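These notes are about the structure you will find just below.
Side chains are part of it too, since the values below use all heavy atoms of this structure and drop only hydrogens, waters and symmetry mates. Because the structure is predicted, anything quoted here is derived from the model rather than measured. Along the sequence shown, residues carry numbers from 1.
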Amino acid sequence: MRTYSIASKFIARRIAPLAVVSLGLFACGNSPPAQSAKDVDNAPQQAPVIAPAPPPPASLSGDVQADAKRNKFDDEQAKVVLQRAATNAHTCVEVVDKDQPHGEGTVTVTFSGKGKTTNASIAAPFDGTPMGQCVTRAFVNMIVPPFEGPDVDLTYQVNLKPESKGAKKDSAKPKK
């Protein structure tokens, strides 16, 4: 069993609480003195001053290429939707009578600035025929991104030849 001197016990009891209080005050930092209720009532009310955020730098203000592209007609997207429409138009071969004209056809499509097709027409010998009407329906209501400027007319070649039923190739490998 250890024995402590009376002096060390006295110092430990007096200094330890003082050290704890000092560390607590030091941890709180330099806080402004508390205002009394009287000072709070008499103090003028001030709105907090909030500065507007600075604009982002030009390098972060958006995709410059996308902004420039937004105003131009997107040829690549138009090719994609024309190809889809041509694939759909090829099904017209199976729908119309066999006595209708078949072969390659030229379709002219008009895109408006809103990004939608406004007109589609097909050249002779398909114009005015059920085959031509079926094909032009496939090229109506196509959508591309909106653009600025005049309407854009594009022509596209469409395959309207009947496929022979025996021409399909089997992709499976033969068994040995």
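- Taking every heavy atom of both residues into account, P125 and P101 meet most closely at O-CG, 3.7 Å.
- Of all the heavy atoms in G128 and Q133, the pair that sits closest is O-NE2, 4.4 Å.
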Apply side chain to side chain contact (heavy atoms under 4.5 Å, CB included) to the pair L154 and F73, showing each step before the final yes or no.
CA-CA 12 Å; L154 295 178; F73 180 72; 3.9 Å; yes
Using the rule given for side chain to side chain contact (heavy atoms under 4.5 Å, CB included), can you reason through K116 versus V144, listing the C-alpha separation, both sets of side-chain angles and the distance that settles it, and then say yes or no?
CA-CA 6 Å; K116 292 186 176 185; V144 295; over 6 Å; no
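- Distance CD/E104 to CD/Q157: 6.0 Å, rounded to 0.5 Å.
- The CG atom of N119 sits 12.5 Å away from the CZ atom of F139 when rounded to the nearest 0.5 Å.
- The SG atom of C92 lies 7.0 Å from the CZ atom of R137; values are rounded to the nearest 0.5 Å.
- Rounded to the nearest 0.5 Å, atoms CE (M142) and CD (Q77) are 10.5 Å apart.
- Between D153 and T110, the side chains place a donor N or O and an acceptor N or O closer than 3.5 Å (distance only, hydrogens not considered).
- Within the model, atoms OG of S121 and CZ of F126 stand 13.5 Å from one another, a figure rounded to the nearest 0.5 Å.
- The main-chain N or O of L160 is never found under 3.5 Å from a side-chain atom of H90 such that the two would form a donor-acceptor pair.
- Partner of V109 under the side chain to side chain contact (heavy atoms under 4.5 Å, CB included) criterion, out of T118, L82, V81: L82 alone.
- Nearest heavy atom pair, residue T155 against residue T106, reads CB-CG2, 4.2 Å.
- The minimum heavy-atom distance between Q83 and Y156, with the atom names listed, is OE1-OH, 2.6 Å.
- Nearest heavy atom pair, residue G113 against residue D151, reads N-OD1, 3.8 Å.
- Closest approach of V93 and P162 over heavy atoms only: CG1-CA, 3.5 Å.
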